There are 4 protein chains.
Amino acid sequence: MTELDPDLPVTLWRQLANVLRAQIEAGELQGLIPSEPTLCQRYGVSRATVRTAKASLIEEDLLTVVKGRGTFVKSSRE
Amino acid sequence: MTELDPDLPVTLWRQLANVLRAQIEAGELQGLIPSEPTLCQRYGVSRATVRTAKASLIEEDLLTVVKGRGTFVKSSRE
Amino acid sequence: MTELDPDLPVTLWRQLANVLRAQIEAGELQGLIPSEPTLCQRYGVSRATVRTAKASLIEEDLLTVVKGRGTFVKSSRE
Amino acid sequence: MTELDPDLPVTLWRQLANVLRAQIEAGELQGLIPSEPTLCQRYGVSRATVRTAKASLIEEDLLTVVKGRGTFVKSSRE
DNA sequence: GTGGTCTAGACCACA
DNA sequence: GTGGTCTAGACCACT
């Protein structure tokens, strides 16, 4: 599993966004992505970090959120 | 049909309650109101949202429930 | 699919219970069984018929109900 | 620990409200009460059940909520 | 075939 | 890391 490094001169949320973006572009992450608590545990970061990383990917139009359902990788990708 | 907007800064159940209240006051909704599953479909929300909206209108004394029969607009309205 | 016959001198719910019991004993029905509305559609019977059939299988200790989750085939079967 | 019984002819949320009310009146529950997920685990119920129970105690003016902080036993009790 | 209760778990706003 | 809102869908009691 890709690890995040708090000692890098890059914010944790940006590292996490990079990791997730890479997984999406590699097709490893499709459809419904893991929940926020799951991502917190998996990458050992706080909820705020996960949310900021997700917000940045939503801004990039890579993710979309459905309230009460979860967060999904945008399907309109080729 | 009145639409609900998940992006408004007011909860969905409150929007739904407002819509139903307006229909009741306009006399468009009388007697037996549509069932909860029907309201779910019509407004694209979950049953919990429908129930919360209805609970608020019952609290306002606009609706009344008859077990096993359905929910009715209070007749003591002029 | 096994069909139920309203013209038989056996109640529908008993026919349905027999069908389900056979499926359980054949191992075709395991774990979570279909919901009540699904069974209604599949066998073309009313909700009451499904519930009576299920009640009889629960009485026989073949099924167990978990509120809010569903109905399960009893695992303590060998 | 007080147990809740799904088989009693009283709803789970009402049983839970009764338990919490008794603890408050006995002084066993003071200040910040356990979080909703904690109460879910402790009493083996869903969050919706916990929330309904809490809503009834808030209605009774036994509890008060501070957004983002938690739920507290009303201090104006002697 | 209605409303009543419940489960499981998601994201959101706020501190 | 809390409570707030929401989704999806189960069984139950009653008519």
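Just so it is clear: chains get the letters A, B, ... in the order the sequence lines come, proteins before strands, and each one is counted from 1. This is a predicted model, so every value here is computed, not measured.
- Counting heavy atoms from C-beta on, the side chains of D:Phe72 and D:Val65 never come closer than 4.5 Å.
- Per the geometry, CD belonging to D:Gln41 stands 15 Å off C1' belonging to E:dT7, to the nearest Å.
- Listed by chain and number, the residues in a side chain to side chain donor-acceptor pair (under 3.5 Å) with B:Thr52 amount to none (sequence neighbours excluded).
- Note: CD1 (B:Ile58) to C1' (E:dG4) measures 11 Å, nearest angstrom.
- Counting only residues at least two apart or in different chains, side chain to side chain donor-acceptor pair (under 3.5 Å) contacts with residues 8-19 of chain D comprise D:Thr11-D:Trp13, D:Asn18-D:Arg21.
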(message) Return a single string for nucleotides 10-15 of chain F, one symbol per nucleotide in 5' to 3' order, where B is base contact, S is sugar-phosphate-only contact and - is none, cutoff 4.0 angstrom on heavy atoms.
(response) BSB-BS
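- Applying the side chain to side chain contact (heavy atoms under 4.5 Å, CB included) test to C:Pro34 and every residue at least two apart in sequence or in another chain returns C:Leu29, C:Thr38, C:Leu39, C:Arg42.
- A search for side chain to side chain donor-acceptor pair (under 3.5 Å) contacts involving B:Thr64 returns nothing, not counting sequence neighbours.
- Side-chain nitrogen and oxygen atoms of D:Thr49 include at least one within less than 4.0 Å of the OP1 or OP2 phosphate oxygen of E:dT7.
- The separation between B:Leu4 atom CG and F:dT7 atom C1' is 15 Å, rounded to whole Å.
- Rounded to an integer number of Å, the gap from CZ of B:Arg14 to C1' of F:dT5 is 12 Å.
- The distance from atom CG of D:Asp5 to atom C1' of E:dT5 is 15 Å, rounded to the nearest whole Å.
- Stem regions annotated for DNA chain E: E:1-14 with F:1-14, counting only runs of 3 or more consecutive pairs of Watson-Crick or G-U type with both contacts under 3.5 Å.
- Every side chain to side chain contact (heavy atoms under 4.5 Å, CB included) that A:Glu28 has, sequence neighbours left out, goes to A:Gln23, A:Ala26.
- A:Thr49 pairs by the side chain to side chain donor-acceptor pair (under 3.5 Å) definition with A:Ser46, not counting sequence neighbours.
- A:Leu39 places its CG atom 15 Å from the C1' atom of E:dG9, with the value rounded to the nearest Å.
- The two residues D:Leu32 and D:Gly70 make their nearest non-hydrogen contact at CD1-CA, 3.8 Å.
- Partners of A:Arg69 according to the salt bridge (Lys or Arg N to Asp or Glu O under 4.0 Å) rule, which considers only residues two or more places apart in sequence or in another chain, do not exist here.
- The separation between A:Leu63 atom CG and E:dC12 atom P is 11 Å, rounded to whole Å.
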